[in-house]
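Single-structure report; data block below.
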Amino acid sequence: MRTTYRRVLAVTGAGISTDSGVPDFRGPQGIWTTNPTAVRSVTRKDFLADRQVRCDFWQMCRGAYERALPAPNSAHHALVDLEQSGRLIGIVTQNVDRLHQDAGSSPALVHEVHGTMATTSCLRCGLRVATAEVVARVRDGEAEPLCLFCGGTLKPDTVFFGDHLDRDVFGRAVALAAMCDLVLAVGSSLCVEPAAGLCRTAVETGADLVVVNAEETPYDDFATEIVREPIGTALPRLVAELVAA
Ligand code: APR
């Protein structure tokens, strides 16, 4: 890898959080790999049409909230180091776990193109509440918590399959992809568009692409370098090279 990069964009996926105990989706132990039907609970049309899908989703959330809160790992911290070196222009993350912010990445640099699990909104009146409050109601026995103001359906502010991405957030991500000189694609199978297409946008506007992922991705052919080493060691090593240059 050339190391004289000055405008690095990180595009991260679920693989950057597996060392924190957060399962990914398509890896060997991923959520979709081990339970293919689970994807219905985050598919908009199924979620809206089927009350049981919504109840199953809230039980899945309750389980996640009852596990120990995940902590950022060495890979998240490496991106903080890269930011502090002045070479990082942004993190476009597909993750909804807020571990980049928890690690100390500046919130203004983190673009959550698939939304966040931190808040939940009513699909009828738009009221927004903390997801933790909704999960507490599930823990207290509510099968499907509804909006306390209008009785409407509640849905976390994450992007489900079939949802549109936030145009402002994704617009900023595209702008960053067009201005960077290196994209570090970390822990993503790069198979969900339009987020994965940021790698192509960056390369087509002159950037290099380094893919850090255990498995092949559809964008490997665009990559200057492919790193199959575990992210927890690979990313700190790559950042150390970038910062030293
Ligand atoms: N080191 C290297 N690679 C890893 C590690 C690790 N420690 N842990 C996981 N990976 C790799 C997996 O092999 C996999 O290829 O990370 C990749 C994660 O890919 P996905 O599970 O598909 O996650 P992601 O690309 O973020 O999914 C994109 O799909 O389900 C939707 O909305 C969801 O944002 C998500 C989107």
Side-chain angles (χ1 to χ4, degrees), residues 9-47 53 56-57 60-61 64 70-79 91-100 103 110-118 131 155-166 169-170 173 177 183-200 209-223 225-239:
L9 175 66
V11 174
T12 66
I16 199 171
S17 297
T18 53
D19 282 351
S20 300
V22 180
D24 64 12
F25 299 100
R26 298 173 186 81
Q29 301 307 317
I31 299 171
W32 306 154
T33 309
T34 54
N35 181 7
T37 58
V39 75
R40 286 193 71 217
S41 56
V42 291
T43 301
R44 185 180 182 81
K45 69 177 175 48
D46 295 322
F47 185 87
V53 168
D56 294 346
F57 173 83
M60 191 170 71
C61 279
N73 62 57
S74 57
H76 298 103
H77 291 299
L79 291 182
I91 298 173
V92 173
T93 188
Q94 300 171 86
N95 301 339
V96 296
D97 57 26
R98 290 253 153 125
L99 288 179
H100 287 300
V110 182
H111 306 277
E112 296 171 309
V113 291
H114 287 172
T116 178
M117 267 303 288
T131 302
K155 175 183 170 294
D157 294 328
T158 59
V159 176
F160 280 18
F161 290 111
D163 277 337
H164 294 294
L165 275 64
D166 180 293
V169 175
F170 193 67
V183 179
L184 288 175
V186 184
S188 178
S189 58
L190 296 175
C191 64
V192 175
E193 300 294 353
L198 293 167
C199 297
R200 183 180 53 253
L209 169 63
V210 171
V211 175
V212 187
N213 203 62
E215 297 173 288
E216 290 184 2
T217 81
Y219 286 86
D220 287 355
D221 290 347
F222 284 85
E225 184 176 351
I226 297 171
V227 178
R228 297 286 184 230
E229 177 190 346
I231 291 165
T233 50
L235 195 55
R237 174 176 60 75
L238 292 171
V239 166

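The residues of the chain are indexed from 1 along the displayed sequence. Ligands are counted one by one from 1 in listed order, and the atoms in each one are counted from 1 as well. What you see is a predicted model, and the numbers here were worked out from it, not measured in a lab.
Below 30°, between 30° and 60°, or above 60°: for W32 and F161 the angle between ring planes is between 30° and 60°, a tilted geometry.
The main-chain N or O of K45 is never found under 3.5 Å from a side-chain atom of T43 such that the two would form a donor-acceptor pair.
Both the backbone and the side chain of I231 come within contact range of ligand 1, each with a heavy atom under 4.0 Å. Only the side chain of T18 comes within contact range of ligand 1, with a heavy atom under 4.0 Å; no backbone atom does. Contact annotation for H114 and ligand 1: only side-chain heavy atoms (C-beta onward) come within less than 4.0 Å of the ligand.
In terms of polar-atom proximity, V159 is not counted as a contact of ligand 1, lacking any N or O under 3.5 Å from an N or O of the ligand. Remark: ligand 1 and N213 share an N or O pair separated by less than 3.5 Å (distance only, no angle test). Taking only nitrogen or oxygen atoms, main chain and side chain alike, E229 does not reach within less than 3.5 Å of ligand 1.
Taking every heavy atom of V192 and a limit of under 4.0 angstrom, the matching atoms of ligand 1 come to 28 (C), 29 (O), 36 (C). Close approach to G13 involves these atoms of ligand 1, each under 4.0 Å from a residue heavy atom: 26 (O). Every atom of ligand 1 with a heavy atom of G15 under 4.0 Å away is listed here by number and element: 5 (C), 8 (N), 9 (C), 10 (N), 16 (O), 18 (C). Near P230, the atoms of ligand 1 lying under 4.0 angstrom from a non-hydrogen atom of the residue are 1 (N). Applying the 4.0 Å criterion to heavy atoms of F161 picks out, from ligand 1, the atoms 30 (O), 31 (C). Taking a cut-off of under 4.0 Å to the non-hydrogen atoms of A14, the atoms of ligand 1 that pass are 23 (O), 24 (P), 26 (O).
The two residues P218 and S189 come nearest to each other via the heavy atoms CD-O, 3.1 Å. In this structure, V227 and A234 approach most closely via the heavy-atom pair CG1-CB, 3.7 Å. Nearest heavy atoms, D19 versus G232: OD2-CA, 3.5 Å. Pairing each heavy atom of P23 with each of T18, the nearest pair is C-CG2, 4.4 Å. Scanning both residues, A196 and C191, for their nearest heavy atoms gives CB-N, 4.3 Å.
In this structure, atom 19 (O) of ligand 1 lies nearest to the protein heavy atom S189 N, 3.2 Å. The single protein non-hydrogen atom nearest to atom 25 (O) of ligand 1 is S188 OG, 2.7 Å, given as residue, atom name and distance. Given atom 30 (O) of ligand 1, the protein heavy atom at minimum distance is W32 NE1, 2.9 Å. Shortest contact from atom 33 (C) of ligand 1 to any protein heavy atom: F25 CE1, 3.8 Å. Closest to atom 9 (C) of ligand 1 among all protein heavy atoms lies D24 OD2, 3.2 Å. For atom 18 (C) of ligand 1, the closest non-hydrogen atom on the protein side is G187 O, 3.4 Å. Protein heavy atom nearest atom 3 (N) of ligand 1, with residue, atom name and distance: A214 N, 3.0 Å.
Contact check for L79 versus V186: no side-chain heavy atoms found under the 4.5 Å cut-off.
Looking at V192, D166, N95, V169 one by one, the single match for side-chain contact (heavy atoms from CB on, under 4.5 Å) with V113 turns out to be V169.
A donor-acceptor contact closer than 3.5 angstrom is absent between the side chains of T116 and D157.
Heavy-atom proximity to atom 27 (O) of ligand 1, evaluated over R228, Q94, R26, E215, is greatest for R26.
Atoms CD and OG1, from Q94 and T158 in turn, are 13.5 Å apart once rounded to the nearest 0.5 Å.
Remark: E215 does not engage R26 in a salt bridge, criterion side-chain N to carboxylate O under 4.0 Å.
Not close to ligand 1: G232, with no non-hydrogen atom less than 4.0 angstrom away.
E216 CD: 12 or fewer foreign heavy atoms inside a 6.0 Å radius.
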